[in-house]
> 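If you scroll down you'll find the structure; I have some questions about it.
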2 protein chains.
Amino acid sequence: MRTVSLRDRKRTRTRQALVDAATDLFESRGYDQTTIAEIAAAAEIGTRTFFSYFASKEDLLFPEADVRVQAGLDAIAARGPEEGPAEVLLRALRQIGEDSDDLSGRLAALRLRLIRTVPAVRGRGLQLQQDAQRQIVRHLAAAFPDQLDEVGAGALTGAFVGAVTGALQVLLGDSDDPIEPAAVQQALEVAVAVALTPWLRHPDHQQ
Amino acid sequence: MRTVSLRDRKRTRTRQALVDAATDLFESRGYDQTTIAEIAAAAEIGTRTFFSYFASKEDLLFPEADVRVQAGLDAIAARGPEEGPAEVLLRALRQIGEDSDDLSGRLAALRLRLIRTVPAVRGRGLQLQQDAQRQIVRHLAAAFPDQLDEVGAGALTGAFVGAVTGALQVLLGDSDDPIEPAAVQQALEVAVAVALTPWLRHPDHQQ
DNA sequence: CCAGAAAACCGCACTCAGTGCAGATTGGCA
DNA sequence: TGCCAATCTGCACTGAGTGCGGTTTTCTGG
């Protein structure tokens, strides 16, 4: 038994229609050249109704943000008895990376491009990232009360996330479409090595 | 001989008047309740003219961003012969922290509060931080061509900046005015220890 | 099957940020 | 002094986002 009331199904469908319509329009016409009115019209709802689905135009690019954050928090909660904070963060990252097609997929590719192109989108993305980070810090500190205080958890999480995004930012830098998974993997390993070296117990980590 | 043409002096004065007026109005009325028209009127210029001084309302809170970034880049350029990348980053941070009253000062305090309060301001701040970070990465990679490639420099800088901001974010968390410099110093040391341990040659660093 | 309540839809009018344009002002400089 | 360029400013406009109020649709209990 899921959330299957007609109301909710309809709402989910409309929401998806909005994302799809926005994806199409952003790709063909460009982000700034697309108005919310056009997106709403393409999804066959009134302009006013749009704002009961998304609070802003930018949010169309990050539709399942909360789901991904939750996956990360779950990964922290499911820590093994022998894991330290660094291992947990690493596993959480892999978890998020797996169940979301974050580098393939039409919307994902569009998002990456618009993040590099449109300031408003970048700002919103960074904002969401920081919010997620804050939650991770709280859960991490709570999960390792003897090894980390809040400030330490903030520093560790910040270093980890900062290293990964810093490396990815350089890697995805200016080129457009051709993203090689191998290179991404390599960049992540560099970032992890830089950020987590003093934290990992086993210096070798496969995959 | 500086930039002392009457034109430039006048322009600088008007710019400062705008920042001052905005500071006053933001403090008394609140950020969202203050319109650009009001700020412009308080600084005795036309509403339209405002946009030839600042591109947006948020930018009023970050008036000397470029100056600070430049100070950081200079600090990198002035590296000593025995310094590694981590030491340079550390020195750059201290440099920036010194010549900008970033934790005292009316505008600085207001900025911190609004960053926590107003999403648009936070987004803009993160954006500026990321831009600065990108420049630092470039300069750092150029300064240490044998020790760092671009991706490594991105990871290192990201880890460093991420750790510091992550720790500060937790520290400045929810409280409002009372910021104790000693606690800040402590948080920075924690962050540096977390992020730079494997990079620093001398594990002890005074001050 | 049928109220009535709740939630969603949606038009209307509004505020405000930000832009393009064109004309008036003013400072720089020969 | 007089010309050029930068600056200032009002006007008109677009587009995001909000509050309000009335209508439609869905849910729930009898």
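Quick note on labels: first sequence line is chain A, next is B, and so on, each numbered from 1.
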> So that I can tick it off, tell me whether R106(A) and E27(A) are bridged by a salt bridge, with the cut-off set at under 4.0 angstrom between side-chain N and carboxylate O.
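A salt bridge links E27(A) with R106(A).
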> Just N and O in the side chain of T35(A): are any of them under 4.0 Å from OP1 or OP2 of dG15(D)?
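So the side chain of T35(A) is outside the cut-off, no N or O lying under 4.0 Å from OP1 or OP2 of dG15(D).
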> For a quick test of reading the model: is some side-chain N or O of T49(B) closer than 4.0 Å to OP1 or OP2 of dT9(D)?
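True: T49(B) side-chain N/O within range (under 4.0 Å) of dT9(D) OP1/OP2.
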> Between dC8(D) atom C1' and R15(B) atom CZ, what is the distance in whole Å?
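Those two atoms, CZ and C1', are 17 Å apart.
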> Closest to the S56(A) side chain: dC8(D), dG17(D), dA8(C)?
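Nearest listed nucleotide: dG17(D).
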> Write down the distance between CD1 (I39(A)) and C1' (dA16(D)), rounded to a whole number of angstrom.
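Computing the I39(A):CD1 to dA16(D):C1' distance gives 11 Å.
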> Got a donor-acceptor pair under 3.5 Å from the side chain of R48(B) to the base of dA12(D)?
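Flag unset: no donor-acceptor pair detected.
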> Does the side chain of I136(B) come within less than 4.5 Å of L89(B)'s, by heavy atoms?
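Sidechains of I136(B) and L89(B): in contact.
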> E44(B) has an atom CD; how far is it from atom C1' of dC8(D), in whole Å?
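Rounded to whole Å, this separation is 14 Å.
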> dA8(C) phosphate, OP1 or OP2: any side-chain N/O from K10(A) under 4.0 angstrom?
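No, no such contact exists.
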> Take I36(A) and G46(B), find for each the nucleotide of DNA chain D with the closest heavy atom, and name the residue whose nucleotide sits nearer the 5' end.
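Its nucleotide being nearer the 5' end, the pick is G46(B).
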> Can you check the I45(B) CD1 to dT26(C) P distance for me, whole Å?
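That distance rounds to 16 Å.
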> Q130(A) side chain to Q127(A) main-chain N or O, any donor-acceptor pair under 3.5 Å?
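No; zero donor-acceptor contacts below 3.5 Å.
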> Between atom CG in L6(B) and atom C1' in dA5(D), what is the gap in whole Å?
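That distance rounds to 15 Å.
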> Let me know, please, whether R7(B) or F50(B) comes out on the 5' side of the other along DNA chain C by nearest nucleotide.
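Looking at the nearest nucleotide for each, F50(B) comes out on the 5' side.
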> Specify the separation, in whole Å, of atom CZ of R9(A) and atom P of dT25(D).
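To the nearest whole Å, that distance equals 17 Å.
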> At less than 4.0 Å, is any side-chain N or O atom of T47(A) found next to OP1 or OP2 of dC10(C)? Yes or no.
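For dC10(C), OP1/OP2 do not have a side-chain N/O of T47(A) under 4.0 Å.
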> Given atom CZ of R124(B) and atom P of dA17(C), what is their separation to the nearest angstrom?
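My rounded result for the distance is 16 Å.
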> Are Q70(A) and D66(A) close enough that a side-chain donor and a side-chain acceptor fall under 3.5 Å?
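Side-chain D/A pair, Q70(A) to D66(A): absent.
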> So does Y53(B) get a side-chain nitrogen or oxygen closer than 4.0 Å to the phosphate oxygens (OP1/OP2) of dT7(D)?
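No, outside the criterion.
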> Let me know the distance between CZ of R11(A) and P of dT24(D), rounded to the nearest Å.
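To the nearest whole Å, that distance equals 20 Å.
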> Answer with yes or no whether the side chains of T23(A) and D20(A) bring together a donor and an acceptor at under 3.5 Å.
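No.
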> Over all strands shown, is T14(A) touching base, sugar-phosphate only, or nothing at heavy-atom distances under 4.0 angstrom?
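Since no nucleic acid heavy atom lies under 4.0 Å of T14(A), the category is nothing.
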